[in-house]
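These notes are about the structure you will find just below.
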Amino acid sequence: MVTITEFQKIGVGLTGFGLFFLLFGVLLYFDSVLLAFGNILFLTGLAFIIGLQRTAYFFFQRQKLRGSAFFLGGVALVLLRWPVVGMAIESYGFVQLFKSFFPVAFGFLGSLVNIPFLNVLFAKLSGSSNSMV
């Protein structure tokens, strides 16, 4: 069983609120204040969950510098009240940062959901095959 510290519980809450404010900011036609608040909460929550040193290591790995630059640059643009451009750049950076995680997530979702159409879709997205041969 995995033990979760109090800081990690706080981090999950901060990350959840950050994602909520990001979604709410997009739904309200890219409200810059909500998006900025969501970005700050998301990054703070991430630092609480995995630690400040691991967060810095994650963002500043050599192979992830391009994605980190786009992601953090997008966050900076949102904070400077350019929400549409900032979110577009931030989204590209997010995909670049987490592209190695997407096949794992889609494989997990495919095994979690027992609906035939979704199983085929998630298997294609994760790059795995359901063939017996």
Side-chain angles (χ1 to χ4, degrees):
M1 186 167 153
V2 177
T3 59
I4 298 175
T5 66
E6 293 298 318
F7 278 116
Q8 289 173 331
K9 290 178 186 177
I10 293 170
V12 168
L14 289 172
T15 304
F17 277 119
L19 291 175
F20 170 75
F21 279 111
L22 284 170
L23 177 67
F24 203 53
V26 169
L27 289 176
L28 289 176
Y29 300 112
F30 293 95
D31 182 43
S32 60
V33 174
L34 289 173
L35 291 174
F37 195 59
N39 280 327
I40 291 169
L41 286 174
F42 178 77
L43 291 174
T44 306
L46 185 66
F48 268 71
I49 291 172
I50 64 174
L52 197 58
Q53 191 173 21
R54 285 185 185 171
T55 304
Y57 176 74
F58 174 77
F59 279 109
F60 298 113
Q61 290 177 6
R62 187 167 192 75
Q63 67 269 19
K64 293 185 180 183
L65 279 178
R66 182 177 179 195
S68 297
F70 275 97
F71 182 76
L72 296 175
V75 170
L77 285 174
V78 168
L79 291 173
L80 293 172
R81 305 269 179 155
W82 287 67
V84 177
V85 176
M87 285 302 292
I89 292 173
E90 185 179 337
S91 299
Y92 176 74
F94 182 83
V95 170
Q96 290 297 312
L97 280 172
F98 294 102
K99 67 182 174 186
S100 63
F101 177 70
F102 289 141
V104 175
F106 289 136
F108 174 73
L109 288 174
S111 67
L112 188 66
V113 178
N114 231 359
I115 301 172
F117 171 72
L118 291 178
N119 277 341
V120 172
L121 178 68
F122 286 140
K124 286 183 181 179
L125 289 173
S126 69
S128 65
S129 172
N130 289 338
S131 172
M132 294 290 222
V133 179

(request) Check whether Y92 and V85 end up in the same hydrophobic cluster, where Ile, Leu, Val, Met, Phe, Trp and Tyr are linked by side-chain heavy atoms less than 4.5 Å apart. (result) yes

(message) V84: which residues meet the side chain to side chain contact (heavy atoms under 4.5 Å, CB included) condition with it, sequence neighbours left out?
(response) F30

(request) To the nearest 0.5 angstrom, please state how far the CG atom of L28 sits from the CZ atom of F21. (result) 11.0 Å

(request) Work out which heavy atom in L79 is nearest to a heavy atom in A36; give both atom names and the distance. (result) CD2-CB, 3.4 Å

(request) Under 4.5 Å between side-chain heavy atoms, chaining through other members, with only Ile, Leu, Val, Met, Phe, Trp and Tyr counted: pull out the rest of the cluster around L27, sorted by chain and number. (result) L23

(message) Among V75, L72, L77, exactly one meets side chain to side chain contact (heavy atoms under 4.5 Å, CB included) together with I89. Which residue is that?
(response) L77

(request) May I ask you to check whether over 12 heavy atoms, not counting those of Q63, lie within 6.0 Å of atom CD? (result) yes

(request) Using the side-chain contact (heavy atoms from CB on, under 4.5 Å) rule, take L35 and L22 through it: C-alpha gap first, then chi angles, then the decisive distance, then the call. (result) CA-CA 5 Å; L35 291 174; L22 284 170; 4.0 Å; yes

(request) Anything under 30° is parallel, anything over 60° is perpendicular, the rest tilted; go ahead and classify F24 against F20. (result) parallel

(message) Tell me whether L19 shares a hydrophobic cluster with F94, the cluster being built from Ile, Leu, Val, Met, Phe, Trp, Tyr side chains joined at under 4.5 Å.
(response) yes

(request) For F48, check side chain to side chain contact (heavy atoms under 4.5 Å, CB included) against everything at least two apart and list the hits. (result) F7, I10, L14, T44

(request) Consider only side-chain heavy atoms of I, L, V, M, F, W and Y, link residues closer than 4.5 Å, and tell whether I49 and L43 are in one cluster. (result) yes

(message) Please determine whether residues L46 and L65 belong to a single hydrophobic cluster, defined as Ile, Leu, Val, Met, Phe, Trp and Tyr linked transitively by side-chain heavy-atom distances below 4.5 Å.
(response) yes

(request) Could you state whether L34 and L80 fall into the same hydrophobic cluster, counting links through intermediate Ile, Leu, Val, Met, Phe, Trp or Tyr residues with side-chain heavy atoms under 4.5 angstrom apart? (result) no

(request) Taking side chain to side chain contact (heavy atoms under 4.5 Å, CB included) as the test, write out the residues that go with V95, two or more places apart. (result) F102

(message) Ignoring hydrogens, what is the shortest heavy-atom contact between Q96 and G67? Give both atom names and the distance.
(response) CB-CA, 3.7 Å

(request) Go through the structure and list residues passing salt bridge (Lys or Arg N to Asp or Glu O under 4.0 Å) with K99, not counting sequence neighbours. (result) none

(request) Please round to the nearest 0.5 Å and tell me the distance separating atom CD of E6 and atom CD1 of I4. (result) 10.0 Å

(message) Under the criterion side-chain contact (heavy atoms from CB on, under 4.5 Å), I'd like the reasoning laid out for N39 against E90: C-alpha separation, chi angles, the key distance, then a yes or no.
(response) CA-CA 10 Å; N39 280 327; E90 185 179 337; 2.6 Å; yes

(request) Can you sort out the partners of L97 under side chain to side chain contact (heavy atoms under 4.5 Å, CB included), two or more places apart, ordered by chain and number? (result) F58, F59, K64, S68, F71

